[in-house]
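Counting convention: from 1, in listed order, for ligands and their atoms alike. Every heavy atom of this structure was used, including side-chain atoms; hydrogens, water molecules and symmetry mates were not.
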Amino acid sequence: MNVGIVGLGLIGGSLGLDLLAQNQENYVWGISRNPETCKQAESMAAVNVASIGIDNIPDRDRTDIVVICTPIAAILPTITALAPKLPSNIIFTDVGSVKAAIVEPASKICQQFGQRFVGSHPMAGNTLQGILAAQRNLFQNRPCVVTSSNDLAAFEKVRSLWQLVEMNVYECSPEEHDRAVASISHLPVMISSSLIAACQQEEDASILQLAQNLASSGFRDTSRVGGGNPELGRLMAEYNQSALLRSLYTYHKSLQSVIDLIENKQWEEIEAFLANTHRDRSLYVD
Ligand code: NAP
(Lines give C-alpha, C1' and ligand atoms only; values in the text may rest on other atoms or scores of the structure.)
Protein backbone atom coordinates (compact mmCIF):
# COMPACT_ATOMS: atom_id res chain seq x y z
CA MET A 1 0.00 0.00 0.00
CA ASN A 2 1.20 3.55 -0.75
CA VAL A 3 0.50 5.67 2.36
CA GLY A 4 1.06 9.32 3.24
CA ILE A 5 1.37 10.22 6.94
CA VAL A 6 0.92 13.82 8.03
CA GLY A 7 2.15 14.46 11.60
CA LEU A 8 5.15 12.28 12.41
CA GLY A 9 4.61 11.89 16.15
CA LEU A 10 3.87 8.87 18.34
CA ILE A 11 0.93 7.60 16.28
CA GLY A 12 2.12 8.67 12.80
CA GLY A 13 5.68 7.46 13.38
CA SER A 14 4.56 4.13 14.84
CA LEU A 15 2.22 3.54 11.88
CA GLY A 16 5.06 4.21 9.42
CA LEU A 17 7.47 1.92 11.32
CA ASP A 18 5.03 -1.01 11.18
CA LEU A 19 4.03 -0.50 7.53
CA LEU A 20 7.64 -0.42 6.36
CA ALA A 21 8.91 -3.21 8.62
CA GLN A 22 6.13 -5.55 7.68
CA ASN A 23 6.08 -5.47 3.88
CA GLN A 24 8.70 -4.17 1.45
CA GLU A 25 5.97 -3.37 -1.08
CA ASN A 26 4.51 -0.72 1.21
CA TYR A 27 5.66 2.82 0.47
CA VAL A 28 5.30 5.56 3.09
CA TRP A 29 5.84 9.28 2.77
CA GLY A 30 5.56 11.70 5.66
CA ILE A 31 5.06 15.37 6.41
CA SER A 32 6.17 17.19 9.56
CA ARG A 33 6.54 20.92 10.23
CA ASN A 34 10.05 20.30 11.50
CA PRO A 35 12.99 19.36 9.18
CA GLU A 36 14.75 17.55 12.07
CA THR A 37 11.68 15.33 12.55
CA CYS A 38 11.73 14.54 8.81
CA LYS A 39 15.40 13.45 9.01
CA GLN A 40 14.77 11.43 12.17
CA ALA A 41 11.73 9.68 10.63
CA GLU A 42 13.76 8.73 7.54
CA SER A 43 16.74 7.48 9.56
CA MET A 44 14.62 5.26 11.82
CA ALA A 45 12.70 3.90 8.78
CA ALA A 46 9.33 5.27 9.80
CA VAL A 47 9.03 6.71 6.25
CA ASN A 48 10.73 6.23 2.90
CA VAL A 49 10.79 9.99 2.45
CA ALA A 50 9.65 12.95 4.57
CA SER A 51 9.34 16.66 3.92
CA ILE A 52 8.00 19.84 5.49
CA GLY A 53 5.61 20.27 2.55
CA ILE A 54 3.65 18.13 0.08
CA ASP A 55 5.32 19.77 -2.94
CA ASN A 56 8.60 17.91 -2.29
CA ILE A 57 7.00 14.45 -2.03
CA PRO A 58 7.86 12.36 -5.11
CA ASP A 59 5.16 10.00 -6.50
CA ARG A 60 2.49 11.54 -4.30
CA ASP A 61 -0.04 10.99 -7.10
CA ARG A 62 0.30 7.22 -6.54
CA THR A 63 -0.83 7.49 -2.90
CA ASP A 64 -3.72 5.21 -1.80
CA ILE A 65 -4.42 6.73 1.61
CA VAL A 66 -3.33 9.88 3.45
CA VAL A 67 -3.51 9.48 7.25
CA ILE A 68 -3.74 12.71 9.24
CA CYS A 69 -1.94 12.10 12.56
CA THR A 70 -1.84 15.67 13.92
CA PRO A 71 -3.55 16.85 17.12
CA ILE A 72 -7.35 17.04 16.77
CA ALA A 73 -7.47 20.84 16.30
CA ALA A 74 -5.11 20.64 13.30
CA ILE A 75 -6.93 17.82 11.40
CA LEU A 76 -9.44 19.93 9.42
CA PRO A 77 -6.96 22.76 8.61
CA THR A 78 -4.43 20.14 7.46
CA ILE A 79 -6.94 18.46 5.10
CA THR A 80 -8.01 21.89 3.81
CA ALA A 81 -4.39 22.70 2.94
CA LEU A 82 -3.52 19.31 1.40
CA ALA A 83 -6.65 18.30 -0.54
CA PRO A 84 -6.17 20.77 -3.45
CA LYS A 85 -2.62 19.43 -3.94
CA LEU A 86 -3.59 15.76 -4.20
CA PRO A 87 -5.40 13.83 -6.95
CA SER A 88 -9.10 13.06 -6.92
CA ASN A 89 -8.79 9.32 -6.27
CA ILE A 90 -7.14 9.86 -2.84
CA ILE A 91 -8.74 8.58 0.36
CA PHE A 92 -8.13 10.57 3.53
CA THR A 93 -8.43 9.20 7.04
CA ASP A 94 -7.38 10.49 10.46
CA VAL A 95 -6.54 9.08 13.89
CA GLY A 96 -8.23 11.68 16.11
CA SER A 97 -9.80 10.49 19.35
CA VAL A 98 -13.10 12.23 18.53
CA LYS A 99 -15.08 11.52 15.37
CA ALA A 100 -18.36 13.50 15.06
CA ALA A 101 -16.55 16.86 14.98
CA ILE A 102 -14.18 15.58 12.28
CA VAL A 103 -15.95 13.17 9.92
CA GLU A 104 -18.72 15.34 8.45
CA PRO A 105 -16.68 18.51 7.84
CA ALA A 106 -13.67 16.50 6.59
CA SER A 107 -15.92 14.59 4.16
CA LYS A 108 -17.30 17.90 2.83
CA ILE A 109 -13.80 19.30 2.24
CA CYS A 110 -12.72 16.12 0.42
CA GLN A 111 -15.89 16.03 -1.73
CA GLN A 112 -14.98 19.42 -3.21
CA PHE A 113 -11.93 17.76 -4.78
CA GLY A 114 -13.56 14.42 -5.68
CA GLN A 115 -11.76 12.76 -2.76
CA ARG A 116 -13.12 10.53 -0.01
CA PHE A 117 -12.82 10.69 3.78
CA VAL A 118 -13.38 7.83 6.24
CA GLY A 119 -12.66 8.41 9.96
CA SER A 120 -10.41 6.17 12.06
CA HIS A 121 -9.44 5.95 15.70
CA PRO A 122 -6.72 3.45 16.55
CA MET A 123 -7.17 2.75 20.27
CA ALA A 124 -3.47 2.47 21.04
CA GLY A 125 -0.93 4.86 22.47
CA ASN A 126 0.77 6.09 25.60
CA THR A 127 1.59 9.38 27.27
CA LEU A 128 4.77 9.99 25.25
CA GLN A 129 4.87 12.32 22.26
CA GLY A 130 6.90 12.99 19.14
CA ILE A 131 8.81 10.92 16.62
CA LEU A 132 11.25 9.55 19.22
CA ALA A 133 8.30 7.96 21.04
CA ALA A 134 7.31 5.99 17.90
CA GLN A 135 7.54 2.23 18.39
CA ARG A 136 6.98 -1.05 16.54
CA ASN A 137 3.84 -3.10 17.25
CA LEU A 138 2.03 -0.28 19.06
CA PHE A 139 -1.20 -1.25 17.27
CA GLN A 140 -0.92 -5.04 17.37
CA ASN A 141 -4.13 -6.74 18.63
CA ARG A 142 -5.61 -3.42 19.76
CA PRO A 143 -9.07 -2.16 18.73
CA CYS A 144 -9.51 0.42 15.97
CA VAL A 145 -12.71 2.22 14.97
CA VAL A 146 -13.36 2.90 11.29
CA THR A 147 -16.47 5.02 10.77
CA SER A 148 -19.25 3.73 8.52
CA SER A 149 -19.34 5.11 4.98
CA ASN A 150 -21.63 4.79 1.97
CA ASP A 151 -18.45 4.49 -0.06
CA LEU A 152 -17.73 0.82 0.59
CA ALA A 153 -14.50 0.79 -1.44
CA ALA A 154 -13.07 3.66 0.62
CA PHE A 155 -14.24 2.04 3.87
CA GLU A 156 -12.59 -1.28 2.91
CA LYS A 157 -9.34 0.45 1.96
CA VAL A 158 -9.14 2.18 5.35
CA ARG A 159 -10.09 -1.02 7.15
CA SER A 160 -7.32 -2.87 5.30
CA LEU A 161 -4.74 -0.22 6.35
CA TRP A 162 -5.41 -0.90 10.04
CA GLN A 163 -5.58 -4.64 9.48
CA LEU A 164 -2.09 -4.43 7.94
CA VAL A 165 -0.78 -3.29 11.34
CA GLU A 166 -2.78 -6.09 13.01
CA MET A 167 -5.55 -4.06 14.61
CA ASN A 168 -9.04 -5.43 15.36
CA VAL A 169 -11.33 -3.15 13.38
CA TYR A 170 -14.82 -2.14 14.61
CA GLU A 171 -17.26 -0.22 12.41
CA CYS A 172 -19.64 2.35 13.91
CA SER A 173 -21.02 5.84 13.32
CA PRO A 174 -19.03 8.89 14.53
CA GLU A 175 -21.70 9.55 17.20
CA GLU A 176 -21.63 5.96 18.48
CA HIS A 177 -17.83 6.16 18.65
CA ASP A 178 -17.93 9.41 20.63
CA ARG A 179 -20.41 8.05 23.18
CA ALA A 180 -18.43 4.85 23.69
CA VAL A 181 -15.04 6.56 24.07
CA ALA A 182 -16.58 9.23 26.33
CA SER A 183 -17.29 6.51 28.90
CA ILE A 184 -14.15 4.37 28.63
CA SER A 185 -11.52 6.95 27.70
CA HIS A 186 -12.54 10.59 28.21
CA LEU A 187 -14.50 10.08 31.47
CA PRO A 188 -11.57 8.23 33.13
CA VAL A 189 -9.27 11.19 32.34
CA MET A 190 -11.65 13.59 34.11
CA ILE A 191 -12.22 11.25 37.08
CA SER A 192 -8.52 10.50 37.48
CA SER A 193 -7.55 14.18 37.29
CA SER A 194 -10.30 15.04 39.81
CA LEU A 195 -8.87 12.37 42.12
CA ILE A 196 -5.44 14.03 42.05
CA ALA A 197 -7.04 17.46 42.58
CA ALA A 198 -9.09 16.13 45.54
CA CYS A 199 -5.97 14.70 47.21
CA GLN A 200 -4.24 18.04 46.76
CA GLN A 201 -7.07 19.73 48.70
CA GLU A 202 -5.92 18.22 52.01
CA GLU A 203 -5.57 21.27 54.27
CA ASP A 204 -3.10 19.84 56.79
CA ALA A 205 0.36 20.16 55.21
CA SER A 206 1.84 17.26 57.20
CA ILE A 207 -1.03 14.91 56.23
CA LEU A 208 -0.68 16.00 52.60
CA GLN A 209 3.05 15.20 52.72
CA LEU A 210 2.36 11.84 54.39
CA ALA A 211 -0.22 10.94 51.71
CA GLN A 212 2.29 11.81 48.97
CA ASN A 213 4.92 9.63 50.67
CA LEU A 214 2.53 6.68 51.11
CA ALA A 215 1.04 6.72 47.59
CA SER A 216 1.95 3.44 45.92
CA SER A 217 0.77 1.10 43.15
CA GLY A 218 -2.98 1.68 43.65
CA PHE A 219 -2.58 5.44 43.33
CA ARG A 220 -0.20 4.97 40.40
CA ASP A 221 -2.92 2.98 38.52
CA THR A 222 -5.82 5.27 39.36
CA SER A 223 -3.98 8.56 38.72
CA ARG A 224 -2.16 7.55 35.52
CA VAL A 225 -4.57 8.96 32.93
CA GLY A 226 -5.27 12.07 35.04
CA GLY A 227 -1.56 12.88 34.98
CA GLY A 228 -1.33 12.66 31.17
CA ASN A 229 -1.04 15.29 28.42
CA PRO A 230 -3.22 18.32 29.42
CA GLU A 231 -3.69 19.41 25.80
CA LEU A 232 -5.13 16.01 24.86
CA GLY A 233 -7.55 16.15 27.83
CA ARG A 234 -8.68 19.65 26.89
CA LEU A 235 -9.33 18.50 23.31
CA MET A 236 -11.44 15.56 24.55
CA ALA A 237 -13.60 17.99 26.57
CA GLU A 238 -13.80 20.59 23.81
CA TYR A 239 -14.50 18.28 20.86
CA ASN A 240 -16.61 15.65 22.66
CA GLN A 241 -18.42 17.97 25.06
CA SER A 242 -21.95 16.55 24.96
CA ALA A 243 -21.01 12.86 25.13
CA LEU A 244 -18.48 13.55 27.89
CA LEU A 245 -21.01 15.57 29.93
CA ARG A 246 -23.52 12.73 29.57
CA SER A 247 -20.95 10.28 30.97
CA LEU A 248 -19.93 12.69 33.75
CA TYR A 249 -23.54 13.15 34.90
CA THR A 250 -24.02 9.36 34.97
CA TYR A 251 -20.81 9.04 36.98
CA HIS A 252 -21.95 11.82 39.30
CA LYS A 253 -25.15 9.85 40.05
CA SER A 254 -23.15 6.69 40.66
CA LEU A 255 -20.80 8.52 43.04
CA GLN A 256 -23.76 10.09 44.87
CA SER A 257 -25.29 6.65 45.44
CA VAL A 258 -21.97 5.44 46.91
CA ILE A 259 -21.93 8.49 49.24
CA ASP A 260 -25.53 7.73 50.30
CA LEU A 261 -24.74 4.07 51.03
CA ILE A 262 -21.74 5.02 53.16
CA GLU A 263 -23.56 7.83 55.01
CA ASN A 264 -26.40 5.43 55.79
CA LYS A 265 -23.98 2.69 56.92
CA GLN A 266 -25.41 0.30 54.31
CA TRP A 267 -22.41 -2.02 54.45
CA GLU A 268 -24.16 -5.00 52.81
CA GLU A 269 -25.27 -2.80 49.92
CA ILE A 270 -21.84 -1.28 49.42
CA GLU A 271 -20.33 -4.77 49.30
CA ALA A 272 -22.97 -5.83 46.75
CA PHE A 273 -22.19 -2.72 44.67
CA LEU A 274 -18.46 -3.58 44.74
CA ALA A 275 -19.21 -7.26 43.93
CA ASN A 276 -20.96 -6.09 40.75
CA THR A 277 -18.05 -3.86 39.71
CA HIS A 278 -15.58 -6.68 40.54
CA ARG A 279 -17.58 -8.94 38.17
CA ASP A 280 -18.17 -6.34 35.42
CA ARG A 281 -14.58 -5.06 35.10
CA SER A 282 -13.66 -8.15 33.09
CA LEU A 283 -16.23 -7.10 30.45
CA TYR A 284 -13.87 -4.23 29.59
CA VAL A 285 -10.32 -5.41 30.29
CA ASP A 286 -8.52 -8.68 31.10
P1 NAP B 1 2.27 13.67 18.90
O2 NAP B 1 3.25 12.61 19.24
O3 NAP B 1 2.38 15.00 19.59
O4 NAP B 1 2.28 13.89 17.33
C5 NAP B 1 1.53 14.90 16.71
C6 NAP B 1 2.21 15.28 15.39
O7 NAP B 1 1.47 16.33 14.79
C8 NAP B 1 3.64 15.73 15.54
O9 NAP B 1 4.36 15.14 14.46
C10 NAP B 1 3.58 17.25 15.32
O11 NAP B 1 4.71 17.55 14.66
C12 NAP B 1 2.34 17.44 14.46
N13 NAP B 1 1.65 18.67 14.83
C14 NAP B 1 1.50 19.20 16.07
N15 NAP B 1 0.75 20.32 16.01
C16 NAP B 1 0.48 20.52 14.71
C17 NAP B 1 -0.22 21.52 13.99
N18 NAP B 1 -0.79 22.55 14.64
N19 NAP B 1 -0.33 21.41 12.65
C20 NAP B 1 0.23 20.38 11.99
N21 NAP B 1 0.93 19.38 12.62
C22 NAP B 1 1.04 19.46 13.95
O23 NAP B 1 0.77 13.19 19.19
P24 NAP B 1 0.11 11.75 18.99
O25 NAP B 1 -0.02 11.11 20.33
O26 NAP B 1 0.78 11.02 17.89
O27 NAP B 1 -1.38 12.19 18.60
C28 NAP B 1 -1.71 12.50 17.29
C29 NAP B 1 -3.18 12.19 17.08
O30 NAP B 1 -3.41 10.85 17.48
C31 NAP B 1 -4.16 13.06 17.87
O32 NAP B 1 -5.21 13.47 17.00
C33 NAP B 1 -4.72 12.12 18.94
O34 NAP B 1 -6.08 12.40 19.23
C35 NAP B 1 -4.59 10.77 18.25
N36 NAP B 1 -4.42 9.64 19.16
C37 NAP B 1 -3.50 9.69 20.17
C38 NAP B 1 -3.35 8.58 20.99
C39 NAP B 1 -2.33 8.58 22.12
O40 NAP B 1 -2.46 7.79 23.05
N41 NAP B 1 -1.33 9.40 22.07
C42 NAP B 1 -4.12 7.43 20.80
C43 NAP B 1 -5.02 7.40 19.71
C44 NAP B 1 -5.17 8.52 18.91
P45 NAP B 1 5.71 18.52 14.09
O46 NAP B 1 5.92 19.57 15.14
O47 NAP B 1 6.90 17.63 13.84
O48 NAP B 1 5.06 19.01 12.81
Side-chain angles (χ1 to χ4, degrees), residues 4-18 28-44 46-47 50-54 56-57 66-83 92-103 105-106 117 119-135 137-140 142-147 158 161-162 165 167-170 174 177-178 180-182 184-186 188-189 192 224-240 243-244:
I5 298 176
V6 185
L8 296 169
L10 168 71
I11 299 293
S14 300
L15 176 62
L17 280 177
D18 277 357
V28 178
W29 57 260
I31 294 181
S32 159
R33 297 167 306 170
N34 182 344
E36 285 306 313
T37 304
C38 294
K39 275 193 214 152
Q40 181 65 39
E42 286 175 359
S43 74
M44 61 199 272
V47 292
S51 167
I52 55 166
I54 186 79
N56 299 326
I57 299 291
V66 176
V67 190
I68 310 296
C69 300
T70 66
I72 296 169
I75 293 173
L76 295 175
T78 301
I79 296 174
T80 303
L82 284 182
F92 278 92
T93 190
D94 73 317
V95 297
S97 51
V98 298
K99 295 273 68 84
I102 303 286
V103 173
F117 181 89
S120 305
H121 181 197
M123 304 287 297
N126 56 49
T127 52
L128 302 174
Q129 288 180 274
I131 188 66
L132 293 176
Q135 62 182 80
N137 301 323
L138 182 73
F139 306 106
Q140 195 173 41
R142 307 295 299 277
C144 178
V145 164
V146 176
T147 58
V158 175
L161 169 76
W162 297 113
V165 294
M167 298 202 84
N168 302 322
V169 174
Y170 294 87
H177 165 276
D178 288 358
V181 297
I184 53 84
S185 175
H186 303 172
V189 168
S192 175
R224 184 177 67 81
V225 293
N229 180 352
E231 189 192 349
L232 208 55
R234 174 225 159 115
L235 292 172
M236 291 168 178
E238 190 177 341
Y239 286 88
N240 200 17
L244 176 57

Those atoms of ligand 1 less than 4.0 Å from some heavy atom in [X]:
{"X": "Leu8", "value": "9 (O)"}
{"X": "Ile72", "value": "32 (O), 34 (O)"}
{"X": "Ser32", "value": "45 (P), 47 (O), 48 (O)"}
{"X": "Gly130", "value": "1 (P), 2 (O)"}
{"X": "His121", "value": "43 (C), 44 (C)"}
{"X": "Ala74", "value": "17 (C), 18 (N), 19 (N)"}
{"X": "Pro71", "value": "5 (C), 7 (O), 13 (N), 14 (C), 15 (N), 16 (C), 22 (C), 31 (C), 32 (O)"}

> Which residues satisfy the ring pair (Phe, Tyr, Trp, His ring centres under 6.0 Å) test with His177, sequence neighbours excluded?
Replying inline: His121
>> Holding to ring pair (Phe, Tyr, Trp, His ring centres under 6.0 Å), I want the full list of residues that pass it with Phe139, two or more places apart in sequence or in another chain.
In response: Trp162
Who gets closest to [atom] by heavy atom: [options]?
{"atom": "atom 5 (C) of ligand 1", "options": "Gly7, Gly228, Cys69", "value": "Cys69"}
{"atom": "atom 26 (O) of ligand 1", "options": "Ile131, Asn229, Leu235, Ile11", "value": "Ile11"}
{"atom": "atom 33 (C) of ligand 1", "options": "Val98, Thr37, Leu128, Leu232", "value": "Leu232"}

>> Test salt bridge (Lys or Arg N to Asp or Glu O under 4.0 Å) on Glu36 and Lys39; report intermediate values, then the result.
In response: CA-CA 5 Å; Glu36 285 306 313; Lys39 275 193 214 152; 3.5 Å; yes
> What distance do Ile102 atom CD1 and Ile68 atom CD1 have between them, rounded to the nearest 0.5 Å?
Replying inline: 10.0 Å
Specify the closest pair of heavy atoms between [X] and [Y], including all atoms of both residues, with the distance to one decimal.
{"X": "Leu128", "Y": "Leu10", "answer": "O-CD2, 3.5 Å"}
{"X": "Leu8", "Y": "Ala41", "answer": "CD1-CB, 3.8 Å"}
{"X": "Pro122", "Y": "Ile11", "answer": "CG-CG2, 4.4 Å"}
{"X": "Val98", "Y": "Asn240", "answer": "CG1-CB, 3.7 Å"}
{"X": "Ile5", "Y": "Gly12", "answer": "CD1-O, 3.5 Å"}

Quick one: look up the protein heavy atom nearest [atom] and list residue, atom name and how far away it is.
{"atom": "atom 3 (O) of ligand 1", "value": "Gln129 NE2, 3.2 Å"}
{"atom": "atom 18 (N) of ligand 1", "value": "Arg33 NH1, 3.5 Å"}
{"atom": "atom 43 (C) of ligand 1", "value": "Pro122 O, 3.2 Å"}
{"atom": "atom 31 (C) of ligand 1", "value": "Thr70 O, 3.3 Å"}
{"atom": "atom 30 (O) of ligand 1", "value": "Val95 CG2, 3.3 Å"}

For [X], which part has a heavy atom under 4.0 Å from ligand 1: side chain, backbone, both, or neither?
{"X": "Ala124", "result": "backbone"}
{"X": "Ala133", "result": "neither"}
{"X": "Met123", "result": "neither"}
{"X": "Pro77", "result": "neither"}

Donor-acceptor pair, distance only, cut-off 3.5 Å: does the side chain of [X] make one with the backbone of [Y]?
{"X": "Asp94", "Y": "Ser120", "value": "yes"}
{"X": "Asp178", "Y": "Ala100", "value": "yes"}
{"X": "Ser14", "Y": "Ala134", "value": "no"}
{"X": "Gln40", "Y": "Ile131", "value": "no"}

> Does a salt bridge link Glu231 with Arg234, judged by any charged N lying under 4.0 Å from a carboxylate O?
Replying inline: no
Please indicate whether any nitrogen or oxygen in [X] is less than 3.5 Å from any nitrogen or oxygen in ligand 1.
{"X": "Ile75", "answer": "no"}
{"X": "Ser97", "answer": "yes"}
{"X": "Gly9", "answer": "yes"}
{"X": "Gly12", "answer": "no"}

>> In the complex you have, is atom 21 (N) of ligand 1 within reach of the protein, judged by whether a heavy-atom distance drops under 4.0 Å?
In response: yes
